[in-house]
Structures are given as structure tokens and as C-alpha cells.
Amino acid sequence: MEPMDIVGKAKEDASLPKATMTKIIKEMLPPDVRVARDAQDLLIECCVEFINLVSSESNEVCNKEERRTIAPEHVLKALGVLGFGDYIEEVYAAYEQHKLETMQDSLKGAKWSNRAEMTEEEALAEQQRMFAEARARMNGGAITSKQPDADQSLES
């Protein structure tokens, strides 16, 4: 693939936060497994390439429907087109979970504006709980929602 512009930057400049990706990689592996720095860099590059691939195909799906905004259903259709159909149900479940968490966070907005209500320890515990939930989803422990048909819209 040739380098392309991504939000005004060359493809080589687009990356994911290394510390965050390293943490995700380490959390998915047993504690006694070490990952070479070159392997971590390669995994990060694979993730960036995967995001570019899915984004590009989602855009193609969106354009075919004569839409200007890529919606979740475009991403799900793109996954199917690219041969990742086995993951659509899990991705949809994660999307539904994200919508629930976002809605809950907006309802708790006042709590975040008052910093005295959550201590650093509570925030750390909440973060660890959320990481544990994400790990459970990634390891097949997700509660799956109804999967949309390929032609059915996800818009609420």
C-alpha cells in the first residue's frame, strides 16, 4: 500500500499511543510472557494498518449508500466485506456496551465536575474494573446483544 494522507499527515506519522498499546498487549498475555520491543512495535503497526483498512472500506460502504458520514452499520458491513464476519457479533456487542457506558457517564456528569466526590483510589479502582470488563469481553465473556442483519440499520 502506498502512503496516504490521514488528517493532513503522512501515513508513516499516524500511530497509536505506545504506552496504551503496550498495556493492552501485556494485559492480554499471561504474566510470565514477555514481548520483545520489536514485536510490540509490529503489533502497533498492525493495529494502525487494520484501522486504516477498516476505515477505508467503511468509507467505500458509506459512499455506495450515498452518505457523507460513516455510521456504525458501515463499519460492521466493512468488517464483513473484508472477511471479518466472524467478529461482527462481538464488535456489535462492544458497541452496544460503549453506548450504555457513554449514556451512564453523561448521566453521572455532575459527579465528574465535582472532583471531591471521587478519590484517586476510587478512580483507579473504577479504571481497573473497566479494564477487567474489557478483558472479559475480549476473552469471550461478553454478554452478546442481538446482532443486526447485514441490511438492518443500527441507528436508534
Side-chain angles (χ1 to χ4, degrees), residues 6-7 11 14-62 65 67 69-113 115 117-156:
I6 301 173
V7 194
K11 182 178 172 186
S15 188
L16 296 169
K18 202 172 215 175
T20 302
M21 293 300 298
T22 299
K23 185 173 184 175
I24 291 170
I25 292 166
K26 287 182 179 181
E27 286 179 353
M28 297 307 297
L29 299 172
D32 60 330
V33 175
R34 294 176 46 190
V35 181
R37 189 164 308 270
D38 289 348
Q40 288 178 12
D41 291 343
L42 179 59
L43 282 168
I44 292 169
E45 288 303 315
C46 288
C47 291
V48 169
E49 197 59 40
F50 179 75
I51 291 168
N52 289 334
L53 181 67
V54 173
S55 297
S56 178
E57 188 61 38
S58 298
N59 187 49
E60 291 291 324
V61 170
C62 183
E65 295 181 5
R67 301 287 184 155
T69 303
I70 297 173
E73 64 265 17
H74 299 135
V75 176
L76 294 174
K77 285 181 185 178
L79 288 172
V81 168
L82 293 168
F84 296 103
D86 292 346
Y87 297 97
I88 292 174
E89 186 174 331
E90 188 174 343
V91 170
Y92 183 72
Y95 168 67
E96 287 294 316
Q97 182 66 31
H98 170 74
K99 282 192 335 187
L100 281 173
E101 289 172 4
T102 302
M103 187 172 60
Q104 290 170 350
D105 288 348
S106 66
L107 294 174
K108 290 192 262 180
K111 181 174 184 174
W112 293 107
S113 64
R115 296 176 194 253
E117 290 191 34
M118 182 178 273
T119 65
E120 187 174 333
E121 292 81 18
E122 290 171 330
L124 181 61
E126 178 68 9
Q127 181 184 39
Q128 294 303 320
R129 182 192 65 74
M130 290 166 51
F131 280 137
E133 286 177 1
R135 273 193 301 277
R137 284 195 306 269
M138 291 299 295
N139 292 327
I143 300 171
T144 56
S145 304
K146 178 183 169 233
Q147 178 185 347
D149 294 335
D151 295 328
Q152 183 180 4
S153 173
L154 297 177
E155 293 179 1
S156 301

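Note that this is a predicted model, so its numbers are computed, not measured.
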After noting the C-alpha distance and the side-chain angles of Val75 and Val91, does the key distance pass the side-chain contact (heavy atoms from CB on, under 4.5 Å) rule? CA-CA 10 Å; Val75 176; Val91 170; 5.5 Å; no
Heavy-atom side-chain proximity of [X] to [Y] below 4.5 angstrom:
X	Y	answer
Gln128	Leu124	yes
Lys77	Glu65	yes
Leu43	Met21	no
Asn139	Met28	yes
Arg37	Asp41	yes

What is the minimum heavy-atom distance between [X] and [Y], and which atoms define it?
X	Y	result
Val54	Ala78	O-CB, 4.1 Å
Val33	Leu29	CG1-CD1, 4.1 Å
Ile70	Cys62	N-SG, 3.9 Å
Lys18	Ile44	CG-CD1, 3.8 Å
Glu133	Glu101	OE1-OE2, 3.7 Å

Can you run down the ring-ring contact (aromatic ring centres under 6.0 Å, His included) pairs that involve residues 16-36, sequence neighbours left out, and say none if there aren't any?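 Output for this query is empty, none listed.
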Nearest 0.5 Å please: distance from the SG atom of Cys47 over to the CG atom of Leu42.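 Answer rounded to 0.5 Å: 9.5 Å.
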Atom pair CD (Glu60) and NE2 (His74), whose distance is rounded to the nearest 0.5 Å: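 It comes to 12.0 Å.
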Would you say Thr102's side chain and His98's backbone share a donor-acceptor pair under 3.5 angstrom?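 Looks like yes, one N/O pair under 3.5 Å.
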Where at least one partner belongs to residues 21-33, residue pairs that pass salt bridge (charged side-chain N to carboxylate O under 4.0 Å, His left out), sequence neighbours excluded: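 Listed by first then second residue: Glu27-Arg135.
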Report the residues that fulfil side-chain contact (heavy atoms from CB on, under 4.5 Å) with Thr20, sequence neighbours left out, ordered by chain and then residue number.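 For Thr20 the side-chain contact (heavy atoms from CB on, under 4.5 Å) partners, ignoring immediate neighbours, are Pro17, Ile24.
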Does Glu73 form a side-chain contact (heavy atoms from CB on, under 4.5 Å) with Arg67? I'd like the steps, not just the answer. CA-CA 12 Å; Glu73 64 265 17; Arg67 301 287 184 155; over 6 Å; no
